[in-house]
Structure formats: structure tokens, C-alpha cells
There are 2 protein chains.
Amino acid sequence: MTRREFAAIGAAAIPAAQAQPQEESWRDQGILALERSPGAKLHNVPVRAVTMAEGFWTPRRKVNLERSMPTLLQLLEEHGIVDNFRRLSGRKNVPRRGPLYTDSDLYKWMEAAAFVLQSGEDAGLRKTFDSLIDEILATQDANGYINTYWSGERTAERFTRMDGGHELYCLGHMLQAAIAYYRATGNRRLLDGGIKFVDYLTRDFGPTKRPLLTGHPELELALIELYRITREPRHLDLAGYLLTGDGQRLKLTRQQMVYLFSGRPFTSRTRLEGHAVRAMYACSGATDYYLETGDAQYWKTLNLLWNDMVSGKMYITGGVGSRSEGEAFGEKYELPNARAYTESCAAIGSMVWNWRMLAATGESKYVDAIERALYNGINSGMSLEGTLYNYRNPLERMPDDRVRNPWYDTTCCPPNLERILASLPGYFYSTSREGIYIHLYHASELAWRLEDGARVKVAQKTNYPWDGSVEISMAPATPAEFTLFLRIPEWSRTTKVEVNSRPAPGAVAAGRYFAVQRRWQAGDRVTLAFDMTPRLMTANPRLSDDTGKVAVERGPLVYCLEALDQKGLSSLSEVSLPVGSEAAKGFSAEFRRDFLGGMTVLKHAGRVSAANPANPLYEPLSWKPSRPVELTFIPYYAFANREPTHMIVWVPYSRA
Amino acid sequence: MTRREFAAIGAAAIPAAQAQPQEESWRDQGILALERSPGAKLHNVPVRAVTMAEGFWTPRRKVNLERSMPTLLQLLEEHGIVDNFRRLSGRKNVPRRGPLYTDSDLYKWMEAAAFVLQSGEDAGLRKTFDSLIDEILATQDANGYINTYWSGERTAERFTRMDGGHELYCLGHMLQAAIAYYRATGNRRLLDGGIKFVDYLTRDFGPTKRPLLTGHPELELALIELYRITREPRHLDLAGYLLTGDGQRLKLTRQQMVYLFSGRPFTSRTRLEGHAVRAMYACSGATDYYLETGDAQYWKTLNLLWNDMVSGKMYITGGVGSRSEGEAFGEKYELPNARAYTESCAAIGSMVWNWRMLAATGESKYVDAIERALYNGINSGMSLEGTLYNYRNPLERMPDDRVRNPWYDTTCCPPNLERILASLPGYFYSTSREGIYIHLYHASELAWRLEDGARVKVAQKTNYPWDGSVEISMAPATPAEFTLFLRIPEWSRTTKVEVNSRPAPGAVAAGRYFAVQRRWQAGDRVTLAFDMTPRLMTANPRLSDDTGKVAVERGPLVYCLEALDQKGLSSLSEVSLPVGSEAAKGFSAEFRRDFLGGMTVLKHAGRVSAANPANPLYEPLSWKPSRPVELTFIPYYAFANREPTHMIVWVPYSRA
């Protein structure tokens, strides 16, 4: 079966309600518009279809909208990132500032703003967005090209440094911002500008024309999302060409193709390596390509790479990319703690990749990975006040490691975190032909429709993840037979599911969706009770950095120790956790409303050995005296929000 | 007191026997010629004064002379390193090959050859050396400049890229080769060539002339050793100028001055950082400078840096430099195992620095550091067959990590290892005004003199380090009153010292020299018995990579596990060592003559947990079943001498 035949089958199979593009189809498009994607089992719901109520993410999203986004735009202005456009259009006479990829930072901020608009909020963002479109389009060349670095005096050098030039990377982010804005407003101005650039590429570049390379993968996924709007095969084909890679014609070295995660066929990859963000974006684009083409080689490769990640290259926080050298994946099981690089953007890259893998399969394991990254290694990336950002998210932090900063010259992470928080409602639910999926739990309401077009509302009442109980109210416009798929997190050892106060039939398995198929009617209620017992986690013995240590989890949250919470301790190096065979019983959980934005802290008896700063580096083994200490754990995402202090995720343990 | 006054005091205090340079004083100079160094408490003995008998180092030195040195010279020829000189002198019409610092690789090989000649062996080396001198001097400019990279078409670019150009680095190694050859033969040809280059530098460069920088420290120590021959203050002053650093005039960035460990005053340093080899060579040169000037600021800085190293930046193997990124020191306690960089050259740098610190103080702790590096992290750098070399000496080796290679384009380590092995006899003994020091133990004979000129012989009979007993025979030409200083290694918990079969008076303290002061006469015998009980070592709790793990030592040797010695195991990840409170009793030691060149292997009961390759990366803590396994440890220096296999130094332990 050829790709085209596969696509035709997919198109033929589109349910009636979505088959015809409607006048206002932009309103119905989610983060991904997968309605016609033949490889998609699940389909996104629009961001606007989900209303989030008070809960875990509310203060994070509020601070994002009210503080992070306005202050970051101001910083982008102060650092000349918007002026780089004004300079080129002649509106300002200033020198270009910042690294060559700064355009993308503005585009990512704009994408965040567009997602806010999709949720029906405004806060002046539409006006700002429109004026930014003016600034951007005023710099567009007649042939469609836009990039503030590779213009003016550098125009002749375009497409000559494709390994590091970030021209296509910036275009990719511009397209994503344009698409999100189109889906928010129906306004195509920026989108049409982006299409003009893309059409210049499809005209002049390709396997039989000039060679092209995404030295930083990103355009691939943007092009396929564009294709989902335009249905122009050349947009999909260009993505396919970029994923195949033209590194030989461009004389890329083997080492470059490793680092760039582009240049050679995606389907020739067997392991995650090189620059972690590049790799994650390439995998995301390749999954999009699979969703449209059903190419079995892609699927084989994607599974190989995904297993490589979760079996040895992912931190317990969901972060990926161990090495600061090349911002790269390490070898399998190379997951150092204090030196972890774990760029916020790489964890985000993993989340958006997993979101696509989920769409292709409906398998819960991809949401387990999303939840791990989202609640921990991504959530840690922005300070609780919303004005400091992490580039690195290490699992041990020395007091003098300044992980949180208001600005980075390479400021990719801050707007990336903002667009994730702004788009978050789009990640909670999906639809399939069989019914509705609930992936993540949070007080919220979905007001959308089944794939046969029948209107339905689904509401969650919960204080998840502080509490493990979730109450789901179903409200189809008229009674309807369909399946409600409830994700049972892999960490919930025992889960109770009740429908209208009676145990739901069937076995509830952790790490699977629990399917409740019935004729639903308004007033039906499903209740879930997850096992929120704190868990002591160990790492695979091959992960030698964590030998003899445990990490603490509760629900989806990874916990950590900060020295300043431990009475009388300035360092955690001498701390250990005595654990028995039923260790988790040793925890007490306490919700503290006024502490770090409100959180459940965990307490556990610990021991601290007689710490002598003059201890030699190496000495004969002896059983050192130790004294008891009460240890207080806080969720990892909240680390480094107070004065500098030592933090560890992995705590040495001893058998009590 | 000014530097000059201090130097004058030192000169006045020189014992009669060394006060007047003799016709053949080159014969009497050791690795360092410290006889007139006012800051030196200990003085080197000539390499030729020590004859090494059959023992631990014999096969290593034999393979060095018979295999390593000839094959490396051949490789240097094959890679065009010698031709680079012939090209410049017009003797060959070939392109220049290799990185810009290749001259230094040849010079280091020549220094090794010169040390062989100092020991009275030849093996055709004198003829080879002389012809190499011809090749080198044929390229010397009229102004004295020699460097095959920065000549010909690059002559105009000399001294324009001093951060990375390695011009002075190459000169430093040329001078060291020239000095070693002069001390072997009295032949000054290469030495005079080197002096001509140095005199060009002292004429044209300096604080009030053109600025100069050793972008890779090395010339500093060479210049001071040159000064010890020439007594020309300008040679010492140039070293002082380079150690002070002229980075401001050269507009070096802060970051460059960190990485290069030069450019700003050595005395402004407070921590070891940046490129490890550069830092170690800078410290060595600075100690030499202290030995000549007594500058208290230098001494303060040197102690600060030394403590920084041994308290948190040195591997248990004596290796230093944790990061491959920048080949650099890490933060304190940043000592990863598998990813350890630990360049052979850096461990050698630590050894030569400690040798100078020892000369300044007579303190045993510096020999403890030398012995740790020499027997482990340096000794591992050359394969047992002598034709493969390590650049990195990691403390965990994955089977696919190709640590041993016959050639590196940057082939600094191989000749560096060769010169250490060739010069080794010079490191065993010293003299002071009070008598004779024995630093290291090995079957050998010292035929030299006391500092009052009286002839004396000291012979050691021992199979150290396989055996802990050493028998020392004293043979002064005539009975003489002096002190014999015997190093008691810091690891020997209990040590017996007998003189003529009777317990020596006084307390024997580990980590100190034990002084035996008496009227010695021919036939006097001292016997030592060190505690060779295998030791389970732990790391400081701040060194989190080694939490919950032990390393095994016996005598000066660090041991390791290689998977191929453990029956039925292909990986060591699931192995643990059950230890009790008197754990070391659990070892059995067996000397195996025909195994890996002959060695004592250690056996200990271990456990291996049920290894399941499909184990998840993270899972709830459980007490896994395990089965007993007999673990066989071999000395670390011998790792990776057979087929690829997993190796670990640090082994997880459990309380038995």
C-alpha cells in the first residue's frame, strides 16, 4: 500500500461530522488537527472546549498570564528582539541584537498568546499580536523569506550555514504561532505570510533542486500541522524530505548528523543521541509524518527511540538530555544528578512527542510519560512567582548553582514553558470513534461533541494531585451509547472506579485506560480513587548514579529534599532514609495551604551521620554514628524558590 | 626579605660538596637539580644512581624500552611528526601533518629516551637522539625560534594566537628533552638551541615589551630547570613573568584565564579549575618558582590548591580532571566514574607537581599522592603489552568504551607515560642535610653520597607492592651518623620497623616519615613490614557518585572488578558486596604469576541480584532476591587488557 493509498483510506474513514471542512473549522481544531489524519486513533479537542476550574494548575496558569507573559514580552523588547524586525523594516535605526535565532523566541511567545486567546481570554493580547504581525510581515521579502539575522547585509548568505543557521527553525516557530492564532481567531494574516515562505522553499528546494536541511528540527512538525490546514501535499512532502535528510549532498559529517538529529533518514536512527531538543522535535515531526502517511518504517523507528528513552535516558522527573556538552543525550543509563542538563525545552519536546504517540495508539504509557514530565521536569522550569526560568533542571542542586534566572541570551525555554501552560487545557481530553478519553485529571469541564456529532459535556471535580479522588459528571445532550476511557496512572497500585456509586465492571489495571462502555445520560457519575500512598522509588541497577538511593513520589509528583527545610542542616550529603520492607508507611502527608503556593509536604524519619567537613575524600569503611532527624520533602517542581540551598531528589537509604 | 635576598641566603647555605659547579656536574643532576634551590629541603638523586632490580616495575619498564618507545617513534614517523621538521629544513617535500602541537609529542619521546640514557642503557637511542637533534636544529630560525607549525607560510602569525598556539608549550618540552639529554651525556647541542630561543623571548617579550602568554603552561617549569643549569636570572624571571600572567594586555576573557590556567597572577588562584593538565603544569612551575624564590604568596596559593585537589577533586586512582568538556576539573566532589575524563597526562601532572611539593617540605603526604597516581591512574595509561595507551582512565568502563588505542592525533599521553617510566628510578630516594629519604619501595640500589660528600649505598630487597615486607641494607663507605627517613604510607594501619632485627625506637605513624637516626655502618639492616590487609574504602558523603559503594585497595593498589573474571556475569550492575563491620577479613589474596603479567588477585564473597534486562528504569523499592557469587578483583592498572568487558572500581555494598 502506498502512502497516498493509505491517506485515501484515512480520508474515506473520516466520520461524517468532520468530513467536510466547515466555514469556521478553525474553531474546532485542537493543538493538533488530526480529524483527517489516517494514522490517528485519537483526536484532539479544541483548547476552548475545556474550561479549567480551581486546582493545581490554576495558580501556575494565572501567574503565566499575569506575570510571566507580560514581563517576558517586556524583556524581549528590552533586549531588542522585536526591534530586530523594526530595524529590518526601517522603522527603527538600531543594530541587530542577540544570537541568530532570537526570532523564534518571539514566535514562541506569540504562540503562547494565541493559546490564551483560544481559551477565550484576551488581556490585550489580540491587539499586541496583531501589531507584532505588522512588525514581522513588514520584513518579508518578495520571495516570502523572513528572518531578521539572515537579511540585510547577510541576505547573500542565506542557506549557506544550514547546520547552525536556524532559518528553518525560526520559520517552524513562526508557523506554529500563526496556526495557533488562526485557530484562536480565524485570522490568516500571519499564516498566509508563513505559507508564502514555505511555498518559496517547496519551489526552489528539494531532492532534485537545491538541498535543504533543518539543522534544528522544528519545521517538520509545523509543516505537517500546516498541511492539516491547507491539505497541500507539497507541505507534507517537504516535511518528508526534511525528515529523510539531504546531509550527503550538503556534505555533513557523521558527527554533525548525530548532533543535529537531521541530515540522514529518520528511519535510519536506532538510538536517541546528540542535541536533546533537536532529537525530541525530530521525533515529534516524524510522528506527525507517521500520523499522515502510516509509513511502517517510521513507526518502527519511533518505537525503538521511545523505548530507548524510557528504558535508560529519561530522568525520574521526565527530563531528558544528560550532558551540558552539546546539550545532548548521554549513553544509556548516563543520568547524573547534579550535572544533569535536562533543559526545560527537552522535557517539553518529550511531552509534545508523547502527545503525538498517544494520538497514534491511544496507549496510556505515553500519558504516563507526559504526566511525569509535565508535573515535574517541565513544571520546575518556571518559578512560582513566574518571572524566573530554568534552562537546566538538575536532580541535585548545590546552593551556588544559579538555576533560576529572569533572562537567558538563548531564551528558548521561557516562552516554551509559557506556551505549554497556555495550551494545557488541550491536553486533558481526546475523542475517538468509540467515545471520550480522559488523560489527565483536574477540576475542569469539557464541552464538546462525540465523533458522530452529538453534543456532550464531561466535568471533573477533584483536587488532584493533592487528592486521589476524582468525580466525573457526564452530561450528553441526549442519552448516548459510547465508551468513556479513564486513564489509570501506572503509579496507582490500587484504583477504585465506581459508576453511579456502584463498582464498575471489569478489572482496573494500572498503566491502562479503563473503558466504561454504556448508554450515558445526563447525571451519570463516575468516581475514581487513586492510590496516593507515597512511594519509594529505586532506579535500575545499571543507573549507577542512583545506586543505594531512593526517590520519593506521591501521585504524579516527584519529591525532593531542600536543606533549608531540614532543621539544623545546611547540606544533605550526610542524610539517609532508613526504610523497612513496608517503607512507605513511614510517611506522613500534610497539606499546607500557605506554603510555596499550597502543597502537600511529606515527612519521614531520617538519619544524619556525624558530618565533619574535614572528612577525607576517601577513608576505610566504618559504621559512623548517626542521629535521627525529621526529613521534610517538597514537590520537586517547587525547588529553588527560596534562598539558595542544597537540594537532592535521590536520597541514600539504609535498611531499617 | 626580597626574592634576591632569599636566593642569596639559599646559595650561602649550599653544602660544600655541591657549592662549586664541577666539570661534570651534569652527571650529578637528578630529575630536578635542586642543590642550590633555597626553598628545597630535599634534593634529587641522579637517575643513574639508582639501579632497579627485579620487581613490580621491571616488566613495565622493560616493555616501555623494548616495545612502547620503538613503536611510538615509528608511529610518530608514520604520522609525519618528524617529517614536519624535515619539511621545514627542506630535507623532505611533504605537507605538514597533525595538530599544531605535534612537535611536543616528539620532544616528550626524546625526553623519555634521554632518561633511558641517564640510566646507562642505550639501545641505539643516543644515535637516534643525535639525528633528531640534527632534524630539529636544521629548522631553527636565526633568532632562535623553532616550531614546525608557526614557520614557513605561518611565520608572520607567530605569537598572535597565544591562547591555543602551543608555541611556548612546545619550547618547554624541547627544553625538558634537552636538559634530560644534557644530564645523560653532557651534550649541550639541543640545550644551547633551546637557550637561543629562550634568549630571543627574554630580549623581545616581557612586562615592558611585547606581552607573552603560555596558553598551555609547561614552559614555566622548563625555564626554571634551565635556570638551575644556567643560573641566568633572566631565565627565572621569564618564568615569573609567565606565572604572573599578562592576560590583561592580551585582552583574555575571564573564561579563557580559567580554562588556560594562565594569564592572571598564579597567586590570585583559589581553586583548581579549567583544563586539568594546564592547571597541573602551572602548579608544578609555580612550585619550582617557590623553590627558587621562597615567595610566600606562591606557597600559600600552592597549599590552597593542593588541599582543593586532595579534598574533593582527585579520584581514588590519583587521576584528576573530571570533565571531558574542556578536559577540565569539575566542581568539588564532581567525580563521575564512567564519564571520568582523568587524562593520563593530568595524573602525570599531579605526580610531577607533588614531587616538587615534596622537595619543598619533606612531607610524606605528597608521596602518598604520587604513589596513588603512579600505581593506579598513571600505570593504567599503558597496556601491559606496551603498545596501547589510555587518554582517559575512567573508573567504570562500559564494554564498548574503547579506552585503549595505539595512536591519538593528540598523542600527548603516550610519550608522557614513557618518560615517567623511563625516569622512574629518580623518584625513589632523596637526600637532605640530615640524611637519606626513601619515598617508594622497590627492589633497587642507590649508590650515591650524603650531602657532606660521603659515599653511601642503600639497597632494598622487597616484592612490594605484592608483599609488604622490605629489607633495607645500608652500606656507607665509612661508618657515618645520619638519619634514614622511611616513608610510612598513609594506608598502612600498622607498620613494624626493625633495625638489625630489633624494634626501632619511637612511634611509627602512618602518613609520616619514620626517622632512624644512628651511626650507620656497612651491614646494617632495616626491615619494614607494612599492613597489606585489603581495605574497603568509602568516599566522602558529598561525593554522591560513590554513595553506598566501596572501593577495594591493597597496599598502594586500587582494585577493580572486570565482568569477564566473574563467572556467569556479563555486567556488574547487579553485583553487590556484603560487608560486615570487620569486612576486610572477608578477602582472600592469591598471587598468580602467569595472569596479566603476574599479580595478586583478591577474592570476596559477593551477591548478584536477579538481573532482568527488561527491568524498568524506575520502580518501587523492593528487596530483590539475590544469589551468592564469588567476586574476583584485579588491580585497576590492569583493566581493559583483555576482550571488552564491563569494569567498575566502586562496588555497591550491603551490610552483611
Side-chain angles (χ1 to χ4, degrees), chain A residues 310-314 316 323-326 330-331 333-339 396 398 400-401 491 493 535-551 553 571 573-576 579 581 583-584 609 611 614-623 648 650 652-655, chain B residues 310-314 316 323-326 330-331 333-339 396 398 400-401 491 493 535-551 553 571 573-576 579 581 583-584 609 611 614-623 648 650 652-655:
Chain A
V310 301
S311 67
K313 296 183 178 173
M314 185 182 76
I316 197 166
R323 299 182 183 171
S324 61
E325 196 172 4
E331 295 298 318
Y333 306 112
E334 179 189 333
L335 294 163
N337 291 309
R339 291 276 295 164
E396 175 174 10
M398 299 303 166
D400 58 355
D401 186 356
W491 48 257
R493 274 175 276 198
R535 304 182 299 283
L536 291 169
M537 302 295 292
T538 52
N540 187 295
R542 288 182 167 78
L543 205 176
S544 60
D545 288 277
D546 300 335
T547 301
K549 301 174 193 167
V550 283
E553 292 184 340
S571 160
S573 300
E574 284 81 11
V575 161
S576 67
V579 295
S581 50
S609 63
N615 273 355
L617 190 52
Y618 307 108
E619 61 181 337
L621 177 67
S622 61
W623 309 109
I648 56 175
W650 290 97
Y653 71 92
S654 56
R655 198 161 178 168
Chain B
V310 300
S311 67
K313 296 183 179 175
M314 185 181 76
I316 197 166
R323 299 183 184 170
S324 60
E325 196 172 4
E331 295 299 318
Y333 305 112
E334 180 189 332
L335 293 162
N337 290 310
R339 290 277 295 165
E396 175 174 9
M398 299 302 167
D400 57 356
D401 186 356
W491 48 258
R493 275 176 272 199
R535 304 182 298 284
L536 290 169
M537 303 296 293
T538 52
N540 188 295
R542 288 183 167 78
L543 204 177
S544 60
D545 288 277
D546 299 335
T547 301
K549 301 174 192 168
V550 283
E553 292 184 339
S571 159
S573 300
E574 285 81 12
V575 162
S576 67
V579 296
S581 49
S609 62
N615 273 355
L617 190 51
Y618 308 107
E619 61 180 337
L621 176 66
S622 61
W623 309 109
I648 56 174
W650 289 97
Y653 71 92
S654 57
R655 199 160 178 167

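Chain A is the first sequence line, chain B the second, and so forth, proteins listed ahead of strands; every chain is numbered from 1. Computed from a prediction, not measured in an experiment: that's the story for all the values here.
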**Report entry** Which atoms of B:Pro336 approach chain A - backbone, side chain, both or neither, heavy atom under 4.5 Å
**Finding:** neither

Query - Test side chain to side chain contact (heavy atoms under 4.5 Å, CB included) applied to A:Arg339 and B:Arg323, step by step - result: CA-CA 11 Å; A:Arg339 291 276 295 164; B:Arg323 299 183 184 170; 3.2 Å; yes

Requested in this report: Please name the pair of heavy atoms, one in B:Pro620 and one in A:Arg493, separated by the smallest distance, quoted to 0.1 Å.
Outcome: CB-NH1, 4.5 Å

Report summary line: CG of B:Asn540 to CD of A:Glu619, rounded to nearest 0.5 Å, is 7.5 Å

Report task. Go through the atoms of B:Trp491 and report whether side chain, backbone, both or neither lie under 4.5 Å from a heavy atom of chain A. Result -> neither

Query raised in the report: Nearest heavy-atom pair of A:Tyr618 and B:Met314: which atoms, and what distance?
Result: OH-O, 2.5 Å

**Report entry** B:Glu331: partners by side-chain hydrogen bond (donor to acceptor under 3.5 Å, both in side chains), with sequence neighbours left out
**Finding:** B:Arg271

Report summary line: For B:Arg542 and A:Glu574, the nearest pair of non-hydrogen atoms, with its separation, is NH1-OE2, 3.1 Å

Query raised in the report: Is it the backbone or the side chain of A:Leu335 that comes under 4.5 Å from a heavy atom of chain B, or both, or neither?
Result: side chain

Query raised in the report: To the nearest 0.5 Å, what is the distance between CG (B:Asn615) and OG1 (A:Thr538)?
Result: 9.0 Å

Report summary line: Looking only at A:Ser576, A:Ala338, A:Ser622, A:Ser324, most heavy-atom pairs under 4.5 Å shared with chain B are made by A:Ser324

**Report entry** For B:Asp545 against A:Asp545, the heavy-atom pair lying closest together
**Finding:** OD1-OD1, 2.7 Å

**Report entry** Contacting region of B:Ser571 [heavy-atom separation from chain A under 4.5 Å]
**Finding:** side chain

Report task. Let me know if A:Ile316 has heavy atoms under 4.5 Å from chain B in its side chain, its backbone, both or neither. Result -> both

Requested in this report: Can you tell which part of B:Lys549 gets under 4.5 Å to a heavy atom of chain A, answering side chain, backbone, both or neither?
Outcome: side chain

Requested in this report: Against chain B, label A:Ser544 side chain, backbone, both or neither, depending on which of its atoms sit under 4.5 Å from a heavy atom there.
Outcome: both

Query raised in the report: Heavy-atom distance under 4.5 Å between the side chains of B:Glu334 and A:Met398, does that happen here?
Result: no

Query - chain A contact via B:Val310 - side chain, backbone, both or neither, heavy atoms under 4.5 Å - result: backbone

Query raised in the report: Between B:Ser573 and A:Pro541, which heavy-atom pair has the shortest distance, and what is it?
Result: O-CB, 3.2 Å

Query raised in the report: Taking only residues two or more places apart in sequence, or in another chain, which ones meet A:Glu396 in a salt bridge (Lys or Arg N to Asp or Glu O under 4.0 Å)?
Result: none

Report summary line: Bottom line for A:Ala539: the part with an atom under 4.5 Å from chain B's heavy atoms is both

Report summary line: When every non-hydrogen atom of A:Thr547 is compared with those of B:Pro652, the smallest separation belongs to CG2-CG, 3.4 Å

